[in-house]
Amino acid sequence: RRPPRSTQGVSSAASDVYKRQISASMNRELVINRGHKVDNLLNIPLVIVDDLESMTRTKDLRLTLTSLGLSDELERVSNVRLRSGKSRLRGRSRKIKKGPIIVCSKDLGIGDACKNLLGVDLVEAKNLNVSDLAPGTEAGRLVIWTKSSFSNLSNNILKAVEINAS
């Protein structure tokens, strides 16, 4: 038997996975099936100006997301399920739902604003991976992109975004 080689088409398989997950996050039906409340949104995916990256206050970020039509989504995510029993004793008593993920090019303060919003995650474009786009292997997470985040994506993901945009 030969040992596996690391050069055997891994990048093409990875880019196929990214293509599927990104296309799922751009499909309104899959995003709704995942449980996101996006009835008030005009279009998916959401692409926002880069001023969002420099927000430092949670209050400002919450107002921005509400003005985009995500107030129902923020309310859905804010309901925390408390567990009792062994899980509570072991530090796993809270079950927090996954809400929208914000993909930015640089964290200029938005990380401090995001960490106080339950279920809202932030990731830099260079660190974006499949588990961010499909937590629990369930495709169709609501993604909020900043305009400059597309320039910082890796080549595989950028090809997938270009294919889905056309």
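Computation of the quantities below employed the complete heavy-atom set of this structure, encompassing side-chain atoms and omitting hydrogens, waters and symmetry-equivalent molecules. Start at 1 with the first residue, then count along the sequence.
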- Message: I'd like to know whether CZ of R88 has more than 12 heavy-atom contacts from other residues, nucleotides or ligands below 6.0 angstrom.
- Response: no

- Across all chains, not counting sequence neighbours, the side chain to side chain donor-acceptor pair (under 3.5 Å) partners of D121 are K98, R141

- Query: How would you list, by chain and number, every residue that makes a side chain to side chain donor-acceptor pair (under 3.5 Å) with S131, sequence neighbours excluded?
  - Reply: N129

- Could you state whether V47 and I101 fall into the same hydrophobic cluster, counting links through intermediate Ile, Leu, Val, Met, Phe, Trp or Tyr residues with side-chain heavy atoms under 4.5 angstrom apart? yes

- In short, T58 meets D112 closest at the heavy-atom pair OG1-O, 4.0 Å

- Cluster overlap L68 with L52, hydrophobic side-chain contacts below 4.5 Å: yes

- Can you name the residues that form a salt bridge (Lys or Arg N to Asp or Glu O under 4.0 Å) with R76, not counting sequence neighbours? E73

- Enter the distance from L118:CG to K97:NZ here, rounded to the nearest 0.5 Å. 11.5 Å

- Note on the structure: CZ (R83) and NZ (K95) are apart, to the nearest 0.5 Å, by 5.0 Å

- Message: If I take atom CD1 from residue I48 and atom SG from residue C104, how far apart are they, to the nearest 0.5 angstrom?
- Response: 11.0 Å

- Query: Hey, is the main chain of L63 close enough, under 3.5 Å, to the side chain of D60 for a donor-acceptor pair?
  - Reply: no

- Under a single-linkage definition using a 4.5 Å side-chain heavy-atom cutoff for Ile, Leu, Val, Met, Phe, Trp and Tyr, are V49 and I102 assigned to the same hydrophobic cluster? yes

- Distance, nearest 0.5 Å, that separates CG of N40 from OG of S67: 12.0 Å

- What's the spacing between E53 CD and K147 NZ if we round to 0.5 Å? 12.5 Å

- Item | Closest non-hydrogen atom pair between S71 and T66, with its separation | CB-CG2, 3.8 Å

- Item | Nearest non-hydrogen partners of L61 and C114, listed with the distance | CD2-SG, 3.6 Å

- Task: Of all the heavy-atom pairs spanning S148 and S105, show the shortest one and how long it is.
- Result: OG-OG, 2.8 Å

- Item | More than 12 heavy atoms from other groups under 6.0 Å of CD on E75 | no

- Message: Using the rule that Ile, Leu, Val, Met, Phe, Trp and Tyr join whenever any side-chain heavy atoms are under 4.5 Å apart, tell me whether M55 and L74 fall into a single cluster.
- Response: yes

- Determine the minimum heavy-atom distance between R62 and L117, stating which atoms define it. NH2-CD2, 3.1 Å

- Distance-minimising heavy-atom pair for H36 and L142: NE2-N, 3.3 Å

- Query: Okay, side chain of R94, backbone of V80: is any donor-acceptor separation there less than 3.5 Å?
  - Reply: no

- Query: Roughly how far, to the nearest 0.5 Å, is CG of N127 from CG of D132?
  - Reply: 8.5 Å

- same_hphob_cluster(V77, L122) at 4.5 Å side-chain heavy-atom cutoff: no

